[in-house]
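Note that these values count all heavy atoms, side chains included, but never hydrogens, waters or copies made by symmetry. Ligands are counted one by one from 1 in listed order, and the atoms in each one are counted from 1 as well. The first residue in the sequence is number 1, and the count goes up from there.
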Amino acid sequence: MPETPRIAVVGAGAAGTLTAAQLLRRAAALQAELQVLLIDPGVTGRGVAYASTAAHHLLNVPAGRMSAYHDAPDHFVRWLTRRAPGVHAGADHVPRALYGEYLADVLDAAASGPGPGRLHRVHERAVGLRRTDHGVTLDLGSDEPVPADAAVLALGNFPPGSAWVPPALHRSSRYLPAPWAPGALECLPDHGDVLLVGTGLTMVDVALTLSRAGRAVRAISRHGLLPQPHAESPLPVAPPPSFDSGADIRQIRRSLLSHVSACRRTYGDWRVGIDGLRPVTAELWQHLSPAAQAHFLHHDQALWNSHRHRIPPTVARALQDEIAAGRIQVGPGEIADAAATQDSVLVRLRDGRTLSVGAVVNCTGPQADVRHVDDPLVAGLLATGLAAPDPTGLGFHTTPNGRLLPADGTASDVLWTLGSLRRGALFESTAIPEIRAQAHALAADLLGSKKAGR
Ligand SMILES: Cc1cc2nc3c(=O)[nH]c(=O)nc-3n(C[C@H](O)[C@H](O)[C@H](O)COP(=O)(O)OP(=O)(O)OC[C@H]3O[C@@H](n4cnc5c(N)ncnc54)[C@H](O)[C@@H]3O)c2cc1C
(Lines give C-alpha, C1' and ligand atoms only; values in the text may rest on other atoms or scores of the structure.)
Protein backbone atom coordinates (compact mmCIF):
# COMPACT_ATOMS: atom_id res chain seq x y z
CA MET A 1 0.00 0.00 0.00
CA PRO A 2 1.43 3.42 -0.97
CA GLU A 3 2.34 5.90 1.80
CA THR A 4 0.31 8.71 0.27
CA PRO A 5 -3.43 8.09 0.74
CA ARG A 6 -4.91 6.91 -2.52
CA ILE A 7 -8.54 7.10 -3.61
CA ALA A 8 -9.74 5.27 -6.70
CA VAL A 9 -12.63 6.85 -8.59
CA VAL A 10 -14.15 4.31 -10.96
CA GLY A 11 -15.86 6.04 -13.90
CA ALA A 12 -14.79 9.30 -15.52
CA GLY A 13 -18.19 10.51 -16.68
CA ALA A 14 -19.57 13.68 -15.12
CA ALA A 15 -19.90 12.12 -11.65
CA GLY A 16 -16.38 10.66 -11.49
CA THR A 17 -14.79 13.76 -13.02
CA LEU A 18 -16.51 16.07 -10.55
CA THR A 19 -15.60 13.78 -7.66
CA ALA A 20 -11.93 13.74 -8.68
CA ALA A 21 -11.95 17.56 -9.01
CA GLN A 22 -13.56 17.96 -5.58
CA LEU A 23 -11.09 15.57 -3.96
CA LEU A 24 -8.13 17.49 -5.42
CA ARG A 25 -9.58 20.85 -4.39
CA ARG A 26 -10.20 19.62 -0.87
CA ALA A 27 -6.73 18.12 -0.63
CA ALA A 28 -5.37 21.52 -1.68
CA ALA A 29 -7.47 23.32 0.95
CA LEU A 30 -6.27 20.88 3.65
CA GLN A 31 -2.69 20.84 2.28
CA ALA A 32 -3.03 17.04 2.45
CA GLU A 33 -1.10 14.57 0.33
CA LEU A 34 -3.48 12.58 -1.87
CA GLN A 35 -3.38 10.42 -4.98
CA VAL A 36 -6.58 10.23 -7.03
CA LEU A 37 -6.78 7.39 -9.55
CA LEU A 38 -9.48 8.10 -12.12
CA ILE A 39 -10.28 4.82 -13.84
CA ASP A 40 -12.25 4.67 -17.11
CA PRO A 41 -11.36 3.47 -20.62
CA GLY A 42 -13.32 6.42 -22.07
CA VAL A 43 -12.60 10.13 -22.52
CA THR A 44 -12.59 12.19 -19.31
CA GLY A 45 -15.86 14.05 -18.64
CA ARG A 46 -17.84 12.53 -21.50
CA GLY A 47 -19.62 9.48 -20.13
CA VAL A 48 -22.85 8.56 -21.87
CA ALA A 49 -24.46 11.99 -21.82
CA TYR A 50 -21.70 14.26 -23.13
CA ALA A 51 -20.02 11.96 -25.66
CA SER A 52 -22.41 12.95 -28.45
CA THR A 53 -20.87 15.22 -31.07
CA ALA A 54 -24.22 15.93 -32.75
CA ALA A 55 -24.91 19.69 -32.70
CA HIS A 56 -28.67 19.05 -32.15
CA HIS A 57 -28.01 17.05 -28.96
CA LEU A 58 -28.43 19.87 -26.47
CA LEU A 59 -28.19 19.96 -22.69
CA ASN A 60 -31.64 19.43 -21.22
CA VAL A 61 -30.80 21.87 -18.44
CA PRO A 62 -30.04 25.59 -19.11
CA ALA A 63 -26.34 26.49 -18.96
CA GLY A 64 -26.89 28.66 -15.88
CA ARG A 65 -27.76 25.56 -13.83
CA MET A 66 -24.91 23.35 -15.09
CA SER A 67 -21.94 24.74 -13.14
CA ALA A 68 -19.53 22.10 -11.86
CA TYR A 69 -19.56 23.83 -8.47
CA HIS A 70 -22.77 24.57 -6.59
CA ASP A 71 -21.01 27.40 -4.70
CA ALA A 72 -19.99 29.08 -8.01
CA PRO A 73 -23.25 28.92 -10.00
CA ASP A 74 -21.97 30.93 -13.01
CA HIS A 75 -18.78 28.86 -13.45
CA PHE A 76 -19.99 27.10 -16.63
CA VAL A 77 -21.44 30.28 -18.15
CA ARG A 78 -18.10 32.07 -17.55
CA TRP A 79 -16.29 29.15 -19.21
CA LEU A 80 -18.65 29.41 -22.21
CA THR A 81 -18.00 33.14 -22.42
CA ARG A 82 -14.24 32.56 -22.50
CA ARG A 83 -14.54 29.81 -25.11
CA ALA A 84 -16.94 31.63 -27.45
CA PRO A 85 -17.45 35.25 -26.35
CA GLY A 86 -20.96 36.62 -26.87
CA VAL A 87 -22.46 33.37 -28.16
CA HIS A 88 -24.19 31.79 -25.15
CA ALA A 89 -26.15 33.01 -22.12
CA GLY A 90 -27.21 31.29 -18.89
CA ALA A 91 -30.72 30.55 -20.17
CA ASP A 92 -29.39 28.74 -23.28
CA HIS A 93 -29.40 24.99 -23.83
CA VAL A 94 -25.96 24.48 -25.36
CA PRO A 95 -24.61 21.39 -27.21
CA ARG A 96 -23.81 18.55 -24.84
CA ALA A 97 -20.38 18.08 -26.44
CA LEU A 98 -19.38 21.50 -25.06
CA TYR A 99 -20.26 20.35 -21.57
CA GLY A 100 -17.98 17.31 -21.86
CA GLU A 101 -15.16 19.65 -22.88
CA TYR A 102 -15.93 21.88 -19.89
CA LEU A 103 -15.79 18.97 -17.43
CA ALA A 104 -12.38 17.91 -18.74
CA ASP A 105 -11.19 21.51 -18.25
CA VAL A 106 -12.60 21.60 -14.72
CA LEU A 107 -10.55 18.54 -13.81
CA ASP A 108 -7.43 19.83 -15.56
CA ALA A 109 -7.68 23.04 -13.54
CA ALA A 110 -8.09 21.14 -10.25
CA ALA A 111 -5.22 18.78 -11.10
CA SER A 112 -2.78 21.50 -12.13
CA GLY A 113 -3.43 23.66 -9.07
CA PRO A 114 -0.75 24.26 -6.43
CA GLY A 115 -2.11 21.68 -3.96
CA PRO A 116 -0.27 18.47 -3.01
CA GLY A 117 -2.97 16.21 -4.53
CA ARG A 118 -2.02 14.26 -7.66
CA LEU A 119 -4.27 12.86 -10.39
CA HIS A 120 -3.47 9.64 -12.24
CA ARG A 121 -5.70 8.81 -15.17
CA VAL A 122 -6.01 5.03 -15.73
CA HIS A 123 -7.51 4.14 -19.13
CA GLU A 124 -8.86 0.78 -18.07
CA ARG A 125 -12.14 -0.85 -17.12
CA ALA A 126 -12.41 -2.04 -13.51
CA VAL A 127 -13.67 -5.60 -13.62
CA GLY A 128 -13.52 -6.51 -9.94
CA LEU A 129 -12.98 -5.10 -6.47
CA ARG A 130 -11.76 -6.87 -3.35
CA ARG A 131 -11.70 -5.74 0.28
CA THR A 132 -8.22 -5.84 1.84
CA ASP A 133 -6.83 -5.08 5.29
CA HIS A 134 -5.84 -1.60 4.12
CA GLY A 135 -8.77 -0.71 1.89
CA VAL A 136 -9.55 -2.20 -1.51
CA THR A 137 -7.83 -3.70 -4.54
CA LEU A 138 -9.24 -3.07 -7.99
CA ASP A 139 -8.85 -5.61 -10.77
CA LEU A 140 -8.43 -3.94 -14.13
CA GLY A 141 -9.31 -5.25 -17.60
CA SER A 142 -5.75 -5.67 -18.84
CA ASP A 143 -3.41 -4.21 -16.26
CA GLU A 144 -1.99 -5.05 -12.84
CA PRO A 145 -4.48 -4.81 -9.93
CA VAL A 146 -4.28 -1.49 -8.08
CA PRO A 147 -4.61 -1.00 -4.32
CA ALA A 148 -6.37 2.03 -2.85
CA ASP A 149 -7.47 3.18 0.57
CA ALA A 150 -11.02 3.77 -0.64
CA ALA A 151 -13.01 3.75 -3.87
CA VAL A 152 -15.84 5.82 -5.30
CA LEU A 153 -18.10 4.00 -7.73
CA ALA A 154 -19.20 6.56 -10.31
CA LEU A 155 -20.50 3.98 -12.77
CA GLY A 156 -23.37 6.11 -14.10
CA ASN A 157 -25.80 5.05 -16.80
CA PHE A 158 -25.92 1.34 -17.63
CA PRO A 159 -27.28 0.15 -21.00
CA PRO A 160 -31.10 -0.13 -21.12
CA GLY A 161 -32.85 -3.17 -19.65
CA SER A 162 -34.10 -5.85 -22.01
CA ALA A 163 -36.53 -7.98 -19.96
CA TRP A 164 -39.38 -6.91 -22.29
CA VAL A 165 -37.54 -7.88 -25.51
CA PRO A 166 -39.02 -11.02 -27.17
CA PRO A 167 -36.34 -13.68 -27.89
CA ALA A 168 -36.75 -13.43 -31.69
CA LEU A 169 -36.12 -9.70 -31.52
CA HIS A 170 -33.16 -10.17 -29.18
CA ARG A 171 -31.48 -12.44 -31.71
CA SER A 172 -32.20 -10.17 -34.65
CA SER A 173 -29.51 -7.93 -36.13
CA ARG A 174 -32.32 -5.41 -36.62
CA TYR A 175 -32.59 -4.85 -32.86
CA LEU A 176 -30.38 -2.12 -31.35
CA PRO A 177 -30.03 -2.71 -27.58
CA ALA A 178 -28.13 0.50 -26.67
CA PRO A 179 -28.56 3.61 -28.83
CA TRP A 180 -25.79 5.58 -27.03
CA ALA A 181 -23.01 3.18 -28.01
CA PRO A 182 -20.63 5.11 -30.30
CA GLY A 183 -21.70 4.81 -33.95
CA ALA A 184 -24.67 2.56 -33.07
CA LEU A 185 -27.31 4.56 -34.94
CA GLU A 186 -25.20 4.72 -38.11
CA CYS A 187 -25.30 0.92 -38.29
CA LEU A 188 -29.11 0.77 -38.63
CA PRO A 189 -30.43 -0.44 -41.99
CA ASP A 190 -31.14 2.37 -44.46
CA HIS A 191 -34.50 1.01 -45.55
CA GLY A 192 -37.74 0.71 -43.65
CA ASP A 193 -39.39 2.50 -40.77
CA VAL A 194 -37.88 2.40 -37.29
CA LEU A 195 -39.64 1.52 -34.05
CA LEU A 196 -38.34 3.18 -30.89
CA VAL A 197 -39.39 1.61 -27.60
CA GLY A 198 -39.56 4.33 -24.93
CA THR A 199 -40.88 7.89 -25.29
CA GLY A 200 -38.59 9.82 -22.92
CA LEU A 201 -35.43 11.89 -23.34
CA THR A 202 -33.44 9.14 -25.09
CA MET A 203 -36.22 8.64 -27.62
CA VAL A 204 -36.29 12.36 -28.44
CA ASP A 205 -32.54 12.34 -29.18
CA VAL A 206 -32.76 9.20 -31.30
CA ALA A 207 -35.95 10.16 -33.17
CA LEU A 208 -34.54 13.54 -34.22
CA THR A 209 -31.32 11.86 -35.35
CA LEU A 210 -33.10 9.19 -37.42
CA SER A 211 -36.02 11.18 -38.80
CA ARG A 212 -35.84 11.92 -42.52
CA ALA A 213 -38.08 12.03 -45.58
CA GLY A 214 -39.22 8.56 -46.64
CA ARG A 215 -38.84 7.00 -43.18
CA ALA A 216 -41.40 6.94 -40.36
CA VAL A 217 -39.97 6.83 -36.86
CA ARG A 218 -42.61 5.36 -34.52
CA ALA A 219 -42.15 5.63 -30.76
CA ILE A 220 -44.19 3.69 -28.23
CA SER A 221 -44.29 3.28 -24.47
CA ARG A 222 -46.83 1.98 -21.96
CA HIS A 223 -48.20 5.51 -21.46
CA GLY A 224 -47.04 7.29 -24.65
CA LEU A 225 -46.07 10.43 -22.68
CA LEU A 226 -43.51 12.83 -24.18
CA PRO A 227 -41.14 14.99 -22.11
CA GLN A 228 -42.61 18.45 -21.62
CA PRO A 229 -40.68 21.48 -22.94
CA HIS A 230 -38.86 23.94 -20.71
CA ALA A 231 -40.30 27.47 -20.56
CA GLU A 232 -39.05 29.92 -23.19
CA SER A 233 -37.63 32.26 -20.52
CA PRO A 234 -36.33 31.78 -16.95
CA LEU A 235 -39.01 31.18 -14.33
CA PRO A 236 -39.36 32.52 -10.79
CA VAL A 237 -38.54 30.20 -7.89
CA ALA A 238 -41.45 29.24 -5.62
CA PRO A 239 -41.05 27.83 -2.10
CA PRO A 240 -41.88 24.13 -1.77
CA PRO A 241 -45.16 23.23 -0.09
CA SER A 242 -45.15 21.75 3.40
CA PHE A 243 -46.42 18.24 3.94
CA ASP A 244 -48.14 16.64 6.86
CA SER A 245 -45.63 14.19 8.38
CA GLY A 246 -48.34 11.48 8.59
CA ALA A 247 -49.45 11.90 4.96
CA ASP A 248 -49.79 8.78 2.82
CA ILE A 249 -49.08 8.65 -0.92
CA ARG A 250 -52.63 9.67 -1.91
CA GLN A 251 -52.52 12.74 0.34
CA ILE A 252 -49.04 13.62 -0.94
CA ARG A 253 -50.22 13.28 -4.55
CA ARG A 254 -53.22 15.54 -3.82
CA SER A 255 -51.00 18.15 -2.10
CA LEU A 256 -48.53 18.10 -5.00
CA LEU A 257 -51.25 18.58 -7.59
CA SER A 258 -52.82 21.47 -5.67
CA HIS A 259 -49.34 23.03 -5.17
CA VAL A 260 -48.69 22.86 -8.94
CA SER A 261 -52.16 24.32 -9.68
CA ALA A 262 -51.58 27.14 -7.18
CA CYS A 263 -48.21 27.92 -8.81
CA ARG A 264 -49.84 27.96 -12.24
CA ARG A 265 -52.43 30.47 -10.97
CA THR A 266 -49.86 32.65 -9.18
CA TYR A 267 -46.93 32.54 -11.62
CA GLY A 268 -48.72 31.57 -14.85
CA ASP A 269 -46.68 28.37 -15.30
CA TRP A 270 -47.01 24.86 -13.79
CA ARG A 271 -43.24 24.36 -14.12
CA VAL A 272 -42.66 26.73 -11.18
CA GLY A 273 -44.47 24.23 -8.96
CA ILE A 274 -42.50 21.22 -10.19
CA ASP A 275 -39.12 22.99 -9.96
CA GLY A 276 -39.94 24.24 -6.46
CA LEU A 277 -40.11 20.61 -5.27
CA ARG A 278 -36.40 20.06 -5.92
CA PRO A 279 -35.25 20.80 -2.34
CA VAL A 280 -37.84 18.46 -0.79
CA THR A 281 -37.93 15.61 -3.32
CA ALA A 282 -35.50 13.33 -1.45
CA GLU A 283 -37.27 13.96 1.86
CA LEU A 284 -40.67 13.17 0.33
CA TRP A 285 -39.31 10.01 -1.25
CA GLN A 286 -37.77 8.84 2.03
CA HIS A 287 -41.05 9.56 3.79
CA LEU A 288 -42.86 6.95 1.64
CA SER A 289 -43.12 3.35 2.81
CA PRO A 290 -41.47 0.71 0.58
CA ALA A 291 -44.94 -0.24 -0.71
CA ALA A 292 -45.75 3.40 -1.48
CA GLN A 293 -42.40 3.84 -3.27
CA ALA A 294 -43.18 0.78 -5.41
CA HIS A 295 -46.66 2.17 -6.10
CA PHE A 296 -45.18 5.51 -7.14
CA LEU A 297 -42.64 3.87 -9.45
CA HIS A 298 -45.35 1.85 -11.17
CA HIS A 299 -48.15 4.42 -11.39
CA ASP A 300 -46.68 7.93 -11.14
CA GLN A 301 -43.09 7.82 -12.31
CA ALA A 302 -43.81 8.28 -16.03
CA LEU A 303 -45.95 11.37 -15.40
CA TRP A 304 -43.36 12.75 -12.96
CA ASN A 305 -40.48 12.18 -15.41
CA SER A 306 -42.28 13.84 -18.32
CA HIS A 307 -42.79 17.02 -16.25
CA ARG A 308 -39.57 17.00 -14.22
CA HIS A 309 -37.06 15.98 -16.95
CA ARG A 310 -37.87 18.39 -19.75
CA ILE A 311 -36.48 19.20 -23.19
CA PRO A 312 -35.23 22.54 -24.51
CA PRO A 313 -37.90 24.61 -26.32
CA THR A 314 -35.96 24.40 -29.62
CA VAL A 315 -35.88 20.61 -29.39
CA ALA A 316 -39.60 20.52 -28.53
CA ARG A 317 -40.34 22.63 -31.63
CA ALA A 318 -38.19 20.41 -33.86
CA LEU A 319 -40.01 17.36 -32.49
CA GLN A 320 -43.44 18.90 -33.03
CA ASP A 321 -42.49 19.83 -36.63
CA GLU A 322 -41.48 16.22 -37.34
CA ILE A 323 -44.68 14.92 -35.70
CA ALA A 324 -46.78 17.36 -37.73
CA ALA A 325 -45.05 16.17 -40.91
CA GLY A 326 -45.81 12.55 -39.98
CA ARG A 327 -42.14 11.58 -39.90
CA ILE A 328 -42.27 10.91 -36.14
CA GLN A 329 -45.30 9.21 -34.57
CA VAL A 330 -45.61 8.84 -30.79
CA GLY A 331 -48.25 6.92 -28.85
CA PRO A 332 -49.03 4.24 -26.29
CA GLY A 333 -48.09 0.67 -27.08
CA GLU A 334 -46.26 -2.37 -25.72
CA ILE A 335 -44.51 -5.09 -27.68
CA ALA A 336 -46.07 -8.51 -27.21
CA ASP A 337 -44.09 -10.48 -29.77
CA ALA A 338 -41.81 -10.15 -32.78
CA ALA A 339 -40.75 -12.22 -35.77
CA ALA A 340 -37.87 -11.53 -38.12
CA THR A 341 -38.56 -11.70 -41.85
CA GLN A 342 -35.93 -11.39 -44.59
CA ASP A 343 -35.77 -7.60 -44.72
CA SER A 344 -37.82 -6.44 -41.73
CA VAL A 345 -39.07 -7.21 -38.23
CA LEU A 346 -42.76 -7.90 -37.73
CA VAL A 347 -43.77 -6.60 -34.31
CA ARG A 348 -47.09 -7.45 -32.67
CA LEU A 349 -48.32 -5.02 -30.01
CA ARG A 350 -50.42 -6.01 -27.00
CA ASP A 351 -53.46 -4.19 -28.42
CA GLY A 352 -53.35 -6.43 -31.52
CA ARG A 353 -51.71 -3.99 -33.97
CA THR A 354 -48.80 -5.25 -36.06
CA LEU A 355 -45.96 -3.12 -37.39
CA SER A 356 -43.44 -4.04 -40.04
CA VAL A 357 -40.22 -2.07 -39.43
CA GLY A 358 -36.63 -2.11 -40.59
CA ALA A 359 -35.25 -1.85 -37.05
CA VAL A 360 -36.22 -1.64 -33.38
CA VAL A 361 -34.23 0.59 -31.00
CA ASN A 362 -34.31 0.23 -27.21
CA CYS A 363 -34.88 3.77 -25.89
CA THR A 364 -36.19 2.74 -22.46
CA GLY A 365 -33.37 4.58 -20.66
CA PRO A 366 -30.60 3.34 -18.37
CA GLN A 367 -31.12 0.06 -16.52
CA ALA A 368 -31.64 1.12 -12.91
CA ASP A 369 -31.76 -2.30 -11.25
CA VAL A 370 -28.21 -3.43 -10.47
CA ARG A 371 -29.36 -7.07 -10.28
CA HIS A 372 -29.99 -6.96 -14.04
CA VAL A 373 -26.82 -5.13 -15.08
CA ASP A 374 -24.45 -7.19 -17.19
CA ASP A 375 -21.19 -5.90 -15.69
CA PRO A 376 -18.48 -7.96 -13.92
CA LEU A 377 -17.67 -5.24 -11.37
CA VAL A 378 -21.30 -4.81 -10.30
CA ALA A 379 -21.99 -8.56 -10.34
CA GLY A 380 -18.86 -9.19 -8.24
CA LEU A 381 -19.76 -6.52 -5.68
CA LEU A 382 -23.22 -8.05 -5.24
CA ALA A 383 -21.91 -11.63 -5.16
CA THR A 384 -19.29 -10.89 -2.48
CA GLY A 385 -21.76 -8.86 -0.40
CA LEU A 386 -19.66 -5.67 -0.60
CA ALA A 387 -22.74 -4.05 -2.12
CA ALA A 388 -26.44 -4.80 -1.95
CA PRO A 389 -29.24 -3.66 -4.27
CA ASP A 390 -31.50 -0.95 -2.88
CA PRO A 391 -34.84 -2.45 -1.80
CA THR A 392 -36.62 -0.28 -4.42
CA GLY A 393 -34.51 -1.88 -7.16
CA LEU A 394 -32.93 1.52 -7.95
CA GLY A 395 -29.14 1.32 -7.68
CA PHE A 396 -27.16 0.25 -4.62
CA HIS A 397 -28.36 0.34 -1.03
CA THR A 398 -26.57 3.38 0.44
CA THR A 399 -26.45 5.58 3.51
CA PRO A 400 -27.76 9.15 3.13
CA ASN A 401 -24.18 10.36 2.44
CA GLY A 402 -23.44 7.80 -0.28
CA ARG A 403 -21.52 5.05 1.53
CA LEU A 404 -22.45 1.58 0.35
CA LEU A 405 -24.68 -0.30 2.73
CA PRO A 406 -23.87 -3.97 2.17
CA ALA A 407 -26.08 -6.91 3.02
CA ASP A 408 -24.80 -7.01 6.66
CA GLY A 409 -26.23 -3.50 7.22
CA THR A 410 -22.92 -1.88 8.30
CA ALA A 411 -22.05 1.25 6.32
CA SER A 412 -18.88 0.68 4.31
CA ASP A 413 -15.76 2.58 5.39
CA VAL A 414 -14.07 2.08 1.99
CA LEU A 415 -16.78 2.28 -0.70
CA TRP A 416 -18.82 5.30 -1.75
CA THR A 417 -21.06 5.98 -4.71
CA LEU A 418 -22.94 8.86 -6.31
CA GLY A 419 -25.28 9.72 -9.16
CA SER A 420 -27.80 7.24 -10.49
CA LEU A 421 -26.57 4.45 -8.17
CA ARG A 422 -28.04 6.48 -5.27
CA ARG A 423 -31.55 6.76 -6.75
CA GLY A 424 -32.92 4.26 -4.22
CA ALA A 425 -32.11 6.61 -1.32
CA LEU A 426 -32.73 9.96 -3.05
CA PHE A 427 -34.94 9.19 -6.07
CA GLU A 428 -33.72 12.24 -8.06
CA SER A 429 -30.00 11.66 -8.36
CA THR A 430 -29.07 11.78 -12.04
CA ALA A 431 -28.72 15.42 -13.13
CA ILE A 432 -25.74 17.73 -12.64
CA PRO A 433 -27.32 19.92 -9.93
CA GLU A 434 -27.65 16.80 -7.74
CA ILE A 435 -24.38 15.16 -8.80
CA ARG A 436 -22.18 18.23 -8.15
CA ALA A 437 -23.59 18.58 -4.62
CA GLN A 438 -23.00 14.89 -3.97
CA ALA A 439 -19.40 15.08 -5.28
CA HIS A 440 -18.73 18.02 -2.95
CA ALA A 441 -20.22 16.30 0.13
CA LEU A 442 -18.56 13.00 -0.72
CA ALA A 443 -15.08 14.55 -0.93
CA ALA A 444 -15.62 16.10 2.52
CA ASP A 445 -16.83 12.81 3.98
CA LEU A 446 -14.04 10.80 2.34
CA LEU A 447 -11.13 13.04 3.26
CA GLY A 448 -12.54 13.47 6.73
CA SER A 449 -12.86 9.71 7.19
CA LYS A 450 -10.31 7.70 9.12
CA LYS A 451 -9.31 5.43 6.22
CA ALA A 452 -8.67 7.95 3.46
CA GLY A 453 -7.14 10.59 5.70
CA ARG A 454 -4.60 8.20 7.16
C1 LIG B 1 -28.44 11.18 -23.25
C2 LIG B 1 -28.40 11.87 -21.90
C3 LIG B 1 -28.48 13.24 -21.81
C4 LIG B 1 -28.42 13.88 -20.57
N5 LIG B 1 -28.48 15.24 -20.50
C6 LIG B 1 -28.35 15.86 -19.30
C7 LIG B 1 -28.36 17.28 -19.18
O8 LIG B 1 -28.51 18.00 -20.16
N9 LIG B 1 -28.19 17.85 -17.96
C10 LIG B 1 -28.06 17.08 -16.84
O11 LIG B 1 -27.91 17.64 -15.75
N12 LIG B 1 -28.07 15.74 -16.92
C13 LIG B 1 -28.21 15.12 -18.11
N14 LIG B 1 -28.21 13.77 -18.18
C15 LIG B 1 -28.08 13.00 -16.95
C16 LIG B 1 -26.64 12.47 -16.87
O17 LIG B 1 -26.79 11.12 -16.59
C18 LIG B 1 -25.80 13.20 -15.85
O19 LIG B 1 -25.77 14.58 -16.12
C20 LIG B 1 -24.34 12.73 -15.84
O21 LIG B 1 -23.81 12.78 -17.13
C22 LIG B 1 -24.17 11.37 -15.25
O23 LIG B 1 -22.81 11.13 -15.21
P24 LIG B 1 -22.22 9.79 -14.64
O25 LIG B 1 -20.77 9.97 -14.56
O26 LIG B 1 -22.96 9.42 -13.41
O27 LIG B 1 -22.64 8.68 -15.70
P28 LIG B 1 -22.12 8.32 -17.15
O29 LIG B 1 -22.20 9.47 -18.06
O30 LIG B 1 -22.90 7.10 -17.55
O31 LIG B 1 -20.59 7.93 -16.96
C32 LIG B 1 -20.20 6.75 -16.29
C33 LIG B 1 -18.78 6.44 -16.68
O34 LIG B 1 -18.34 5.34 -15.92
C35 LIG B 1 -17.58 4.49 -16.73
N36 LIG B 1 -17.61 3.15 -16.16
C37 LIG B 1 -18.69 2.39 -15.88
N38 LIG B 1 -18.30 1.21 -15.37
C39 LIG B 1 -16.95 1.25 -15.31
C40 LIG B 1 -15.96 0.32 -14.88
N41 LIG B 1 -16.29 -0.88 -14.40
N42 LIG B 1 -14.65 0.66 -14.97
C43 LIG B 1 -14.29 1.88 -15.45
N44 LIG B 1 -15.19 2.80 -15.88
C45 LIG B 1 -16.49 2.48 -15.81
C46 LIG B 1 -18.21 4.58 -18.10
O47 LIG B 1 -17.26 4.24 -19.11
C48 LIG B 1 -18.62 6.06 -18.15
O49 LIG B 1 -17.61 6.86 -18.73
C50 LIG B 1 -28.29 13.11 -19.41
C51 LIG B 1 -28.23 11.72 -19.51
C52 LIG B 1 -28.26 11.10 -20.73
C53 LIG B 1 -28.18 9.60 -20.81
- Task: Answer yes or no: does an N/O atom from Tyr50 fall short of 3.5 Å to an N/O atom of ligand 1?
- Result: yes
- Is Ala154 near ligand 1, meaning one of its heavy atoms is under 4.0 Å from it? yes
- Is Ala126 close to ligand 1, meaning an N/O of one under 3.5 Å from an N/O of the other? yes
- What's the shortest distance from atom 47 (O) of ligand 1 to any protein heavy atom, and which residue and atom give it? Asp40 OD1, 3.0 Å
- Note on the structure: Heavy atoms of Gln293 and Trp285 approach each other most closely as NE2-O, 2.9 Å
- Task: Output yes when Asp413 and Arg131 qualify as a salt bridge under the 4.0 Å nitrogen-oxygen rule, no when they do not.
- Result: yes
- Task: Determine yes or no for a side-chain-to-main-chain donor-acceptor pair under 3.5 angstrom, with His259 supplying the side chain and Pro240 the backbone.
- Result: no
- N or O contact, Asn157 vs ligand 1, cut-off under 3.5 Å: yes
- Message: Are any of the N/O atoms on Arg46, whether in the backbone or the side chain, positioned under 3.5 angstrom from an N/O atom of ligand 1?
- Response: no
- Query: Within the distance-only criterion (no hydrogens, no angle test), does the side chain of Tyr102 pair as donor or acceptor with the backbone N or O of Ala68 below 3.5 angstrom?
  - Reply: yes
- Side-chain contact test, heavy atoms from C-beta onward, threshold under 4.5 Å: evaluate it for Ile335 versus Trp164 and give yes or no. yes
- Message: So if I count the atoms of ligand 1 from 1 in the order they appear, which ones are less than 4.0 Å from some heavy atom of Ala15?
- Response: 23 (O), 24 (P), 25 (O), 26 (O)
- Protein contact to atom 1 (C) of ligand 1 [nearest heavy atom, distance to 0.1 Å]: Arg96 NH2, 3.5 Å
- Message: We want to know whether Ser162 and His372 form a side-chain donor-acceptor pair, criterion being a heavy-atom distance below 3.5 angstrom.
- Response: no
- Task: Examine Pro41 against ligand 1 and note whether any of their N/O atoms are separated by less than 3.5 Å.
- Result: no
- Query: Under 3.5 Å, N or O to N or O, is Ala14 touching ligand 1 that way?
  - Reply: yes
- Message: If you define the side chain from C-beta out and look only at heavy atoms, does anything of Leu381 sit under 4.5 Å from Leu153?
- Response: yes
- Query: Charged N to carboxylate O under 4.0 angstrom, Asp74 versus Arg78?
  - Reply: yes
- Is the shortest distance from a heavy atom of Ala431 to ligand 1 less than 4.0 Å? yes
- Message: Leu58 versus ligand 1: do any nitrogen or oxygen atoms come within less than 3.5 Å of each other?
- Response: no
- Message: Evaluate Met66 for polar contact with ligand 1, using N/O atom pairs at a separation under 3.5 Å.
- Response: no
- Task: Verify whether one side chain among Trp304 and Glu428 offers a donor that lies under 3.5 Å from an acceptor in the other.
- Result: yes
- Decide whether an N or O pair under 3.5 Å exists between Glu124 and ligand 1. no
